[in-house]
Student: 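Encoded as C-alpha cells, here's the structure I'll be asking about.
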Amino acid sequence: MPGTAVQPDPRRWKALVFISLAQLMVVLDSTIVNIALPSAQHDLGISDANKQWVITAYALAFGGLLLFGGRIADLWGRKRAFVTGLTGFALASALGGAATNEAMLLGSRAAQGVFGALLAPAALSLLATTFTDAKERAKAFGIFGAIAGGGGAVGLLLGGVLTEYLDWRWTFFVNVPFAVIAALGANFVIREPAGGRNRSPLDIPGVVLSSLGLISLVYGFTRAESAGWAAASTIALLVGAVVLLASFVAVESRVRFPLLPLRVVGNRNRGGVYASLALAIIGMFGVFLFLTYYLQVVQGYSAVRTGFAFLPMVTAFVVGSTQIGARLVNRLPARALMAPGFATAAVAMLLLTRLGVGSSYPGVILPGLVLLGLGMGTAFMPAMSLATSGVEPRDAGVASAMVNTSQQVGGAIGTALLNTIAASATTTYLAAHHAATPAAAHLTQSHALVHGYTHAIWWAFAIEAAAALIALTVVRAPRPSAVRIASSSDTPSDKAAEADQLPMVVH
C-alpha cells in the first residue's frame, strides 16, 4: 500500500561494481579494436575493401538489436539477460582473439554485437531498478555515466598498449576476464526486484521492423562515409530506414503488446533526453575521430601516446559525472545540468576549431578535452538517470535500450556525417592550393587535413549547441525531491496517475 517503506538491497553497492565492469567492457570494445585493426588486417590478410567490416559487423548487430535486447531483458529478467549477455560476449571475444581467418574475425565481431545488444540494456535497467533512493541513485548513475562516457577514450589507450606491447589478439582476449568476473559477481550478488518482468507475448513484427530499420540506418551512414551521400546504395539504405522505422511506429501504435510502448518515448522529458543525448554523441564521436587522426597523422603521435593524450578528458568526465552531476542532480532540475553541460561541450568544440598544423597540446587540445569531459560528464549523469526514471518496471529494459540506441545511432551518424564534411573540406582545400615540391606537398596535405577537421568541428559546435537548446526547452522535469515516486507497493491506479512523473524516487 502507498507509504510502505521499501528496503534497499543490502548488496546494491557490490552489484554496482559488477554492473559497471560489464558496462566498461562493452564501451571499451567500441574503440579498442580500432587501434588493433591495422595489425589484424595484416596478419589475417583482410583486404582494404573488407577491413571496415571488422567495425561495421559489430555496429550493425549492436545497434540493430538493442530494442530487441531490451525487450528480452524485460521478458527473461534483467539478471538472466545480463549473465547470458556476458557469457556470449566472452565466448565471442575468445573466438575473435583466436581467429585464423577473416570469416572467424568478422563472425566474432557480429556475435559480440548480438550479445552486447542484450547486455547493455540489461545492465542499465538493473542499475535503474536496484538503486531507488534518490541520493544513492545519483551516486550510482554518476559512476555508471563516467564509465559510459569515458570508457571509449580509455579503449584508445588500452588498445594502443595491448597492440604495441603484446599482440592485437589481446584486444579481444582482454574481454574474457572482464566478463567472467562480472558474470560470477552477478550470479552471487545481484538480486533483481520481484514483479518487474514483462511476460507479454513478443511483438514479432515490431522486432523485425525495428531491427531491419536500425540496421539500415546505421549501415546507411556507414556507407555514406565510404561511398558518399549521393551514392545509390546510401540513398536506398537511408530511405529504407525511414520507411521501416515509420512502419515500426505505426505497428507499435496498434498492437496490443508492443516491442516499444510509445508511452516510453512519448513522454516529453524522456523524448528530450533521447534527442539531446543522440545529438551530443554525434559531436563527441566526431571529435574523437578527428583528434585521433590529428595526433597520429599530423603530429606523429604513437598509438600509446595518443591514448594518454585523451586521459585528461576521461578524468574530467569522471569529475563532471561524479562530483558535479551526482552532487547536484537532487538539488536542481535535470535541464539545469544537461543544458549547461552540453553548452560547455559546445565551448570545447569552439576551442578546438583553433587547431593548426603546429598547435601545441597544452595550449589548444588539452583545454578543449578538459571542457568536453567536464561538460559531457555533468550532462550524462542526469540524462541517463532521467531516461530510465518514472517508467514502469516492466518497461525498464526497453527504456534502457533506447538510451543505448540514442548513443549508438548518434555515434554512427557522427562518425559518418562529420567525416564526410571533413573529407569534402580537405578536397576543396587541396584543389585550391597547389604545391611545387614534394616537401611543400606534404605540408599542404597536413594543412588540408587540419582545415577539414576544423571545418567539421564547427559543425560539431552547432550540434552540441542544439543539444543544449533541446535540453533547456524540452526537458521540463522538476528536481527529484519535488516529485513523489511510485513504488512497487502502489496500486495500479496510483501507478497510472504517476506514470509520467520524473524522476523516480522510492518513498
Student: Check side chain to side chain donor-acceptor pair (under 3.5 Å) between S210 and all other residues, then give those that pass, not counting sequence neighbours.
Tutor: none
Student: Compute the centroid of each ring, for F18 and then for F82, and state whether the two points are separated by less than 6.0 Å.
Tutor: no
Student: Report the C-alpha distance between F248 and V251 in whole Å, list the side-chain angles of each, state the deciding distance to 0.1 Å, and finish with yes or no for side-chain contact (heavy atoms from CB on, under 4.5 Å).
Tutor: CA-CA 5 Å; F248 170 69; V251 168; 5.7 Å; no
Student: Below 4.5 Å, heavy atoms only, C-beta onward: do N101 and L44 meet side chain to side chain?
Tutor: no
Student: If you compare all heavy atoms of F342 against all heavy atoms of A379, which two are closest, and at what distance to 0.1 Å?
Tutor: CE2-CB, 3.5 Å
Student: For R335, give me all partners under salt bridge (Lys or Arg N to Asp or Glu O under 4.0 Å), at least two apart in sequence or on another chain.
Tutor: none
Student: So do L291 and L369 actually touch side chain to side chain, heavy atoms under 4.5 Å?
Tutor: yes
Student: Once you round to the nearest 0.5 Å, how far does CZ of R331 lie from CG of L337?
Tutor: 11.0 Å
Student: Check side chain to side chain donor-acceptor pair (under 3.5 Å) between R305 and all other residues, then give those that pass, not counting sequence neighbours.
Tutor: none
Student: Atom CG of L372 and atom CE of M376: how far apart are they, to the nearest 0.5 Å?
Tutor: 6.5 Å
Student: Looking at every heavy atom in both G220 and L237, which two are closest together, and how far apart are they?
Tutor: CA-CB, 3.7 Å
Student: Which heavy atom of A90 sits nearest to which heavy atom of V176, and what is that distance?
Tutor: O-CG2, 3.8 Å
Student: Go through the steps to decide whether M25 and L86 satisfy the test side-chain contact (heavy atoms from CB on, under 4.5 Å), and finish with yes or no.
Tutor: CA-CA 9 Å; M25 181 186 70; L86 282 168; 3.8 Å; yes
Student: Any side chain to side chain donor-acceptor pair (under 3.5 Å) pairs touching residues 84-98, not counting sequence neighbours?
Tutor: S93-Q112, S93-N175
Student: Is the closest side-chain heavy-atom distance between T378 and T344 below 4.5 Å?
Tutor: no
Student: Using the salt bridge (charged side-chain N to carboxylate O under 4.0 Å, His left out) rule, collect all pairs that involve residues 208-218, keeping only residues at least two apart or in two chains.
Tutor: none
Student: Are any of the side-chain heavy atoms of R268 and V474 separated by less than 4.5 Å?
Tutor: yes
Student: Rounded at 0.5 Å granularity, tell me how far CZ in R71 sits from CG in L66.
Tutor: 15.5 Å
Student: With sequence neighbours left out, write down each residue that passes ring pair (Phe, Tyr, Trp, His ring centres under 6.0 Å) with Y58, or none if nothing qualifies.
Tutor: F62
Student: Would you please test F380 and I281 for side-chain contact (heavy atoms from CB on, under 4.5 Å) and show each step?
Tutor: CA-CA 10 Å; F380 254 55; I281 290 292; 3.4 Å; yes
Student: Only counting residues at least two apart or in another chain, list the ones meeting side chain to side chain donor-acceptor pair (under 3.5 Å) with E102.
Tutor: N50
Student: Can you list every pair that meets salt bridge (charged side-chain N to carboxylate O under 4.0 Å, His left out) and has a residue in residues 279-288, with sequence neighbours left out?
Tutor: none
Student: Compare all side-chain heavy atoms of L105 with those of S108 and state whether any distance is below 4.5 angstrom.
Tutor: yes
Student: May I have all residue pairs that pass salt bridge (charged side-chain N to carboxylate O under 4.0 Å, His left out) and include part of residues 276-287, sequence neighbours excluded?
Tutor: none
Student: So do the side chains of N269 and R476 get within less than 4.5 Å of each other, counting heavy atoms only?
Tutor: yes
Student: Give the minimum heavy-atom separation between R169 and A99, together with the two atoms involved.
Tutor: NH1-O, 2.7 Å
Student: Out of curiosity, L95 CG to R109 CZ, how far, rounded to the nearest 0.5 Å?
Tutor: 12.0 Å
Student: Can you list the residues that meet the ring pair (Phe, Tyr, Trp, His ring centres under 6.0 Å) rule with F178, with sequence neighbours excluded?
Tutor: none
Student: Could you walk me through whether E252 and D203 pass the side-chain contact (heavy atoms from CB on, under 4.5 Å) check?
Tutor: CA-CA 9 Å; E252 298 307 276; D203 172 21; 2.6 Å; yes
Student: Looking only at heavy atoms, which two atoms of G213 and A241 are closest? And how far apart?
Tutor: O-CB, 3.6 Å
Student: Please collect all salt bridge (charged side-chain N to carboxylate O under 4.0 Å, His left out) contacts where either partner lies in residues 273-288, sequence neighbours excluded, each pair once.
Tutor: none
Student: Drop me the distance from L209's CG to S247's OG, to the nearest 0.5 angstrom.
Tutor: 6.0 Å
Student: Quick check: does any side chain N or O of S321 sit under 3.5 Å from a backbone N or O of F317, one acting as donor and the other as acceptor?
Tutor: no
Student: Rounded to the nearest 0.5 Å, what separation is found between the CG atom of L332 and the CE atom of M338?
Tutor: 13.5 Å
Student: Show the nearest heavy-atom pair for residues A471 and A339, with the distance to one decimal.
Tutor: CB-N, 3.9 Å
Student: With sequence neighbours left out, write down each residue that passes side chain to side chain donor-acceptor pair (under 3.5 Å) with D43, or none if nothing qualifies.
Tutor: W168
